[in-house]
Amino acid sequence: IYLIPLLMTASPARASRRDTKSMTLRECLETARENNRSLLAAREKIEEAKKGLLETAGNFLPTVSLGGTYTRLDEEPRPLPEPLMPPDAYTSSDRYNITGTVRVPLFTGFRNRAAYRSASKALKIAEENYRKQKNELEFEITRAFYGAILAEKLVELNRESQKRLEKLMEQTRTLYENGLASRLDLLRSEVQYSNMKPQIIEAENNLRMAQSSLSLLIGRENLLILPEGGLEVEKIDPELGETLRIALERRPEINLILLQKSVAGESITLARSAAYPQINASYNRSFEHPDGMRDEWGDRWNIMLNVSLPLFRGFSTYSDTEKARSRLRQLEHNLEQLKESIRLEVENAYYELVKSEETIAALEKNVVQAGEAYSVASRRYSSGLLSSLEFMDTELDYMQARIGLIRAQADYITAAGRLRMSAGGEINK
C-alpha cells in the first residue's frame, strides 16, 4: 500500500491516546498550507526575497548620513602668541563637530540596475520554489490520505474475512460432530481462523502509521487524522502530447532554471561593471564649535564629484565575467536535461494511470465472479457437498479479489495525482 516512511518513536499504544479528528482531503490540504513547516519556511523565503529587492532598490536613492565628534584637548589651544591674542578671543579645550553628508550615485557601471534585476528574479525564484514545494506537498498529502483510507479498508476486509472464517469454523465443527467432516477439516478451519489475527494486527498498525504520516505532513502531529471519504475513482482521460506540452510550460522547475539563467545574465553585467568608471556626487555640511576664536557655532559646506576609473584589476574582471558565462552555459545544459526528465516523468505517470484504469476494469469483473463463486461454495459447503479446503480456497480468492480492487483504485487515484503534479497543476480531462 502507499505509505510514507515514518520513523515512529512512539509506541502504537501511546499514539492511540492522541486526540483524533476527521478531515476531508480539502481540509487536510488547507491545514497543511498553514502548518507544514517546510511550506512555511518556503513562504518566509519569499518575504526574505522581497526585502532583498527593497534593499537593492535603495541603491538608486541618495544616502544621507549624520555624524558628530566631541574632542577634549589637554590644554586650551593658542592660535596666536599670547601678546597678539585679541582681548575678546575665545579658546576652549572642548571641541564639537556635527557633519551631514548626502551622497548620490550618478553612474555605477550598470551595477545597481543588474543588482536590482537579480533581486527581482530572486523573488520570482522564491515564489516558484514555493509553488514547487506546494505541488509536491499536495501530492504527498493526497497519497497519504488515500493510503490511510486504503489501510482502513484493508482492516475492514480482514475483519470481515475473520468473521467469515469464524462462521466456517463453527460450520465445520457442526459437520464434524455429525460425521460429515474430518478432523483434518476442522483443524484446517481453526488454523485459518487463527492466522487472521496477526494479519489484522499488522493491518491496524499500518493504519495507525498511515494516519500518523498524514498528521505529520499537514503539521498537526498532536492529532491522529481520520480521513473522511472513500476510494471513489474520478476518471480522467488526458492526452499524452497535450499533457507534455502543459508540463513544459507550467512546471516550476522549468521556470526556476529560466529565472536562474536570467540571473546568470545579470551576473555577467555585474562582473563587467567592475571595469567601468564609478561616479558619485556628495554634499557635506558641517557645524563646529568654537568657530575659530569665537564662542559660537560656525558652518561650512562643500560639494564633491568623485570619479573612479579602474585601470588594472589583475584579470579579475575577465575571470569573473567568464565564470558567469560558464554558469549560464551550465544552466542551459541543465534545462535540456530537465526537459527530458520531465518528459519521462509525465510518460511514466500517464502509462501508470492507463495501467491502473485497465486493472480496475478487470478486477471489478473478477470481484463479481469471485463473490458469486463464494455464495455458491457457501451453500454447497453448508450442505456437505464441498470440502473445507475447496471452500477456504474460494473464500481466499474472494478476499484477494476485493483487496486487489481497492488497491487498484488507490493506485489510480495516486497515478492521477502524480500526473497532475508532473504536469505542474491541472491537466485537461
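Because the structure is a prediction, the values reported are computed rather than measured.
Look at Lys355 and Glu352 and you find a salt bridge, because one of the NZ, NE, NH1 or NH2 atoms lies within 4.0 Å of a carboxylate O, short of that distance. A salt bridge is absent between Glu332 and Arg329: the closest approach of a Lys/Arg side-chain nitrogen to an acidic carboxylate oxygen does not fall below 4.0 angstrom. Ion pairing between a basic and an acidic side chain is recognised when a charged N comes within 4.0 Å of a carboxylate O; Glu127 and Arg131 show no such pairing. Between Lys163 and Glu160 there is no salt bridge, since no side-chain nitrogen of the basic residue lies less than 4.0 Å from a carboxylate oxygen of the acidic one. Using a 4.0 Å cut-off between a side-chain N of Lys or Arg and a carboxylate O of Asp or Glu, Arg251 and Glu128 do not qualify as a salt bridge.
In this structure, the side chain of Asn112 engages the main chain of Asn59 through a donor-acceptor pair within 3.5 Å. Between the side chain of Asn366 and the backbone N or O of Ala362, no donor-acceptor pair lies under 3.5 Å. Judged by distance alone, with hydrogens and angles left aside, the side-chain atoms of Ser319 form a donor-acceptor pair with the main-chain N or O of Ser316 at under 3.5 Å. The backbone N or O of Gln337 lies less than 3.5 Å from no partner atom in the side chain of Ser341, so there is not a single donor-acceptor pair. Side-chain atoms of Ser120 do not come within 3.5 Å of backbone N or O of Tyr116 as any donor-acceptor pair. At least one donor-acceptor pair under 3.5 Å links the side chain of Ser273 to the backbone N or O of Leu270.
Heavy atoms of other residues, nucleotides or ligands lying less than 6.0 angstrom from CZ of Arg103 number 12 at most. At most 12 heavy atoms of other shown residues, nucleotides or ligands fall within 6.0 angstrom of atom CZ in Arg26. The number of heavy atoms from other shown groups lying within 6.0 Å of NZ (Lys153) does not exceed 12. Residue-environment remark: CD (Glu249) exceeds the threshold of 12 foreign heavy atoms within 6.0 Å. Under a cut-off of 6.0 angstrom, the local environment of OH in Tyr318 is sparse, with at most 12 non-hydrogen atoms contributed by other residues, nucleotides or ligands.
Between Tyr276 and Phe110, the ring planes are perpendicular. Angles over 60° get that label, and only those under 30° would be called parallel. Classified by interplanar angle (parallel below 30°, tilted 30° to 60°, perpendicular above 60°), the ring pair His289/Trp297 is tilted.
Scanning all heavy atoms of the two residues, the minimum distance from Ala401 to Ala370 falls at CB-CB, 4.1 Å. For the residue pair Ile360 and Tyr412, the shortest heavy atom distance occurs at CD1-CB, 3.7 Å. Smallest separation of non-hydrogen atoms from Glu204 and Val155: N-CG2, 3.7 Å. The minimum heavy-atom distance between Leu353 and Ala416, with the atom names listed, is CD1-N, 3.7 Å.
Looking at Met23 and Leu226, their side chains never come closer than 4.5 Å, going by heavy atoms from C-beta outward.
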With side chain to side chain donor-acceptor pair (under 3.5 Å) as the test, would you mind laying out the steps for Ser38 and Gln133 before giving the verdict?
-> CA-CA 8 Å; Ser38 298; Gln133 290 195 33; 5.0 Å; no
Could you walk me through whether Asn302 and Asn284 pass side chain to side chain donor-acceptor pair (under 3.5 Å), step by step?
-> CA-CA 5 Å; Asn302 63 75; Asn284 300 284; 3.1 Å; yes
Go through the steps to decide whether Ile225 and Gln211 satisfy the test side chain to side chain contact (heavy atoms under 4.5 Å, CB included), and finish with yes or no.
-> CA-CA 5 Å; Ile225 302 302; Gln211 293 169 339; 5.5 Å; no
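Judged by a 6.0 Å distance limit and a 45° cone about the ring axis, Arg164 is positioned over the six-membered ring of Tyr374.
Between Tyr130 and Arg43, the side chains place a donor N or O and an acceptor N or O closer than 3.5 Å (distance only, hydrogens not considered). Inspection of the Thr99 and Asn97 side chains reveals an N or O donor paired with an N or O acceptor under 3.5 Å.
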